[in-house]
Participant: 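Below is one structure. I have some questions about it.
Note that this is a predicted model, so its numbers are computed, not measured. In the text below, chain A, chain B and the rest are named by the order of the sequence lines, each starting its count at 1.
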Amino acid sequence: GGVSLRRCSTREGLQGVNRPVVERIIRVDHAGEYGANRIYAGQMAVLGRSSVGPVIQQMWNQEKDHLKKFNELMVAYRVRPTVLLPFWNVAGFVLGAGSALLGKKGAMACTVAVEESISDHYNSQIRTLMEEDPEKYKELLQVIKQFRDDEREHHDIGLEHDAEAAPAYSVLKTAIQLGCKAAIFLSERI
Amino acid sequence: RCQLSPPHRALQASAVLRRVSDEQKETLASSSQQQFDSHPTDHQPEQELQGPRPSYTGQGGQESEDYESEEQLQHRILTAALEFVPEHGWTAEAIAEGAKTLGLSAAAAGMFHNDGSELILHFVSQCNTKLSELLEQEQKLVQLGEAEKKPTDQFLRDAVQARLRMLIPYIEKWPQALSILLLPHNIPSSLNLLTSMIDDIWHYAGDQSTDFNWYTRRAVLTGIYNTTELVMMQDSSPDFEDTWRFLENRVADAMNMGNTANQVQSTGEAVVQGLMGAAVTVSN
C-alpha cells in the first residue's frame with residue numbers, strides 16, 4: 001500500500017501515541033509477517049516445482065511486501081523486535097515444509113489455518129486502535145486494514161485449492177491455530 | 001544564615017511554594033521573565049524558574065498548569081543537591097544542602113530515601129537527556145549539510161566519551177553511586193535508564209536493524225560502556241586519555257566482531273553449497 005510515513009526520530013516526536021499499545025502491535029505483526037514468510041519459504045522448498053508452486057510463490061511475494069512495510073514501521077516507531085525471531089525463523093520453515101510434505105492439500109490447509117488466525121488477530125488490533133483514537137492512528141489503521149484484506153484473500157485461495165480435503169483437516173487446523181495463538185502471545189511480550 | 005524555628009521554616013517553605021506558583025502564573029500570563037527581577041527576596045528559586053517544567057514521567061498529573069507538582073519540586077531539589085555531591089557524596093546530606101539553597105527546610109530531604117538512590121537516578125536521567133539533546137543537535141547539523149556524517153565506530157566512540165565525560169565532576173564519588181545503583185531495589189530503574197541510553201546512541205548512529213542484530217548490537221555497546229566506565233574509575237592519566245584509548249580499542253574489537261561474524265556466515269554458506277554439490281555428484 002502507498003502509505004507515507006512521518007519520520008519520528010526522537011522519543012519526543014512519538015509522544016501522544018500510546019507507546020505500549022503501538023509497540024506491542026508492531027512487534028507482534030512484524031513477528032507474524034516474518035513467520036508467514038518462513039512458512040511459505042518452507043512450502044516452496046517442497047512444492048516449488050509442483051502445480052501449486054506459482055500460487056504459493058505469489059502469496060509469498062505479498063508476505064515479503066508486508067514484512068518490508070513492518071520493517072519500516074519498526075524503525076519509524078523505534079520498536080524493538082521480538083527476541084524469539086531466530087526461533088520463528090526455524091519453526092516457520094519447519095511448519096511450512098512439514099505441511100507441504102503432507103501434500104498440496106496439506107500445505108493449503110496450513111495456509112488456511114494461519115491466515116485465519118492472522119486476520120482475526122488483525123481485526124482485534126483494528127478494534128483496539130479504533131477504540132483508542134481512529135484519527136491519531138490513521139496510518140497504522142490503513143496499513144493493518146490493507147494487510148488484513150490480503151490475508152483474507154490468501155485464506156480464500158487456500159480454500160479454493162481444496163484445503164478442506166487435506167488429511168485430518170480439522171485436527172491440523174486446530175493444532176496450527178493453537179500454535180499461532182501461543183506465538184502471538186509470546187511475541188507481544190518478549 | 002539565621003536559625004528559624006520549625007513553624008517559621010514550614011511557613012517559609014509554603015510561602016516560597018506559593019510565590020513559585022504565582023511566578024509561574026505571571027510567566028504564563030505575560031510570557032516574559034522580566035517579572036522576576038522585581039521580587040525583593042529569595043533570588044535562588046527565581047533563577048531556577050523558566051516556566052512550566054516537564055515532569056519526570058511526562059504526565060504532569062491532574063494539577064492545573066500554574067501549580068508546581070511534587071515531582072517538579074523534587075526535581076528542583078535534586079538538581080540543586082548535585083552541587084553538594086563532591087563534598088557530601090550521594091547522600092541525604094547533599095539533598096538537605098540542596099533544599100536549603102532553594103530556601104526550603106533541610107527536612108525536605110526526608111521526601112527521599114536515605115541511601116541517595118533518587119539523587120543518583122535523577123543525575124543519570126539528566127545526563128541521558130543531555131546526551132540525547134547533543135546527539136539530536138549533531139543529527140540536525142548533518143541533515144542541514146553543515147557537518148560530515150561520522151563513520152559508525154567514531155560515532156559510538158564520541159557518544160560514549162561525551163556521556164562518560166559528564167561523570168568527571170563527580171568522579172570521586174561515582175564508585176559509590178555505581179554500587180548503590182546495583183542494589184536490588186534500584187536495578188529496574190537503573191537498567192531501564194541504561195538500556196534507553198544505549199538504544200538512543202544506536203538510533204542516532206543510524207541503526208535500522210529489525211532482526212536479532214538489534215539485540216547483539218545493544219548488548220555489545222552496553223558491554224563497551226560498562227567496561228569503559230569501570231576503567232575510568234581507576235584512571236589517573238591526564239584528561240583520562242587511557243580511558244579513551246581503551247574505549248577506542250573496544251569499539252574497534254566490536255567492529256571486527258561484526259566483520260568476523262559475516263565472514264563466518266559466508267564461509268558456512270560456501271561449505272554447505274560445497275557439500276550439496278558433492279552430494280549431487282555422488283548420487284549421480
Participant: With rounding to the nearest 0.5 angstrom, report the OH to CZ distance, B:Tyr215 to A:Arg80.
Facilitator: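 One gets 4.0 Å once the value is rounded to the nearest 0.5 Å.
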
Participant: Once you round to the nearest 0.5 Å, how far does CD of B:Gln208 lie from CZ of A:Arg78?
Facilitator: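 Going from CD on B:Gln208 over to CZ on A:Arg78, the span is 11.5 Å.
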
Participant: Within a radius of less than 6.0 Å around CD of B:Glu146, do more than 12 heavy atoms belonging to other residues, nucleotides or ligands occur?
Facilitator: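 Correct, the count exceeds 12.
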
Participant: Within the side chain of A:Tyr34, is there an N or O that forms a donor-acceptor pair under 3.5 Å with the backbone of B:Asp211?
Facilitator: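 Between the backbone of B:Asp211 and the side chain of A:Tyr34 there is no qualifying donor-acceptor contact (under 3.5 Å).
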
Participant: So with a 6.0 Å cut-off around CD of A:Gln58, is the heavy-atom count from everything else above 12?
Facilitator: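 12 or below, so no.
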
Participant: Any chance OH of A:Tyr169 has more than 12 other-residue heavy atoms, nucleotides or ligands included, within less than 6.0 Å?
Facilitator: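 Enclosed: over 12 neighbouring heavy atoms sit under 6.0 Å from OH of A:Tyr169.
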
Participant: Which residue out of A:Val83, A:Asn71, A:Leu85, A:Thr82 racks up the most heavy-atom pairs below 4.5 Å with chain B?
Facilitator: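 Most heavy-atom pairs under 4.5 Å with chain B: A:Val83.
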
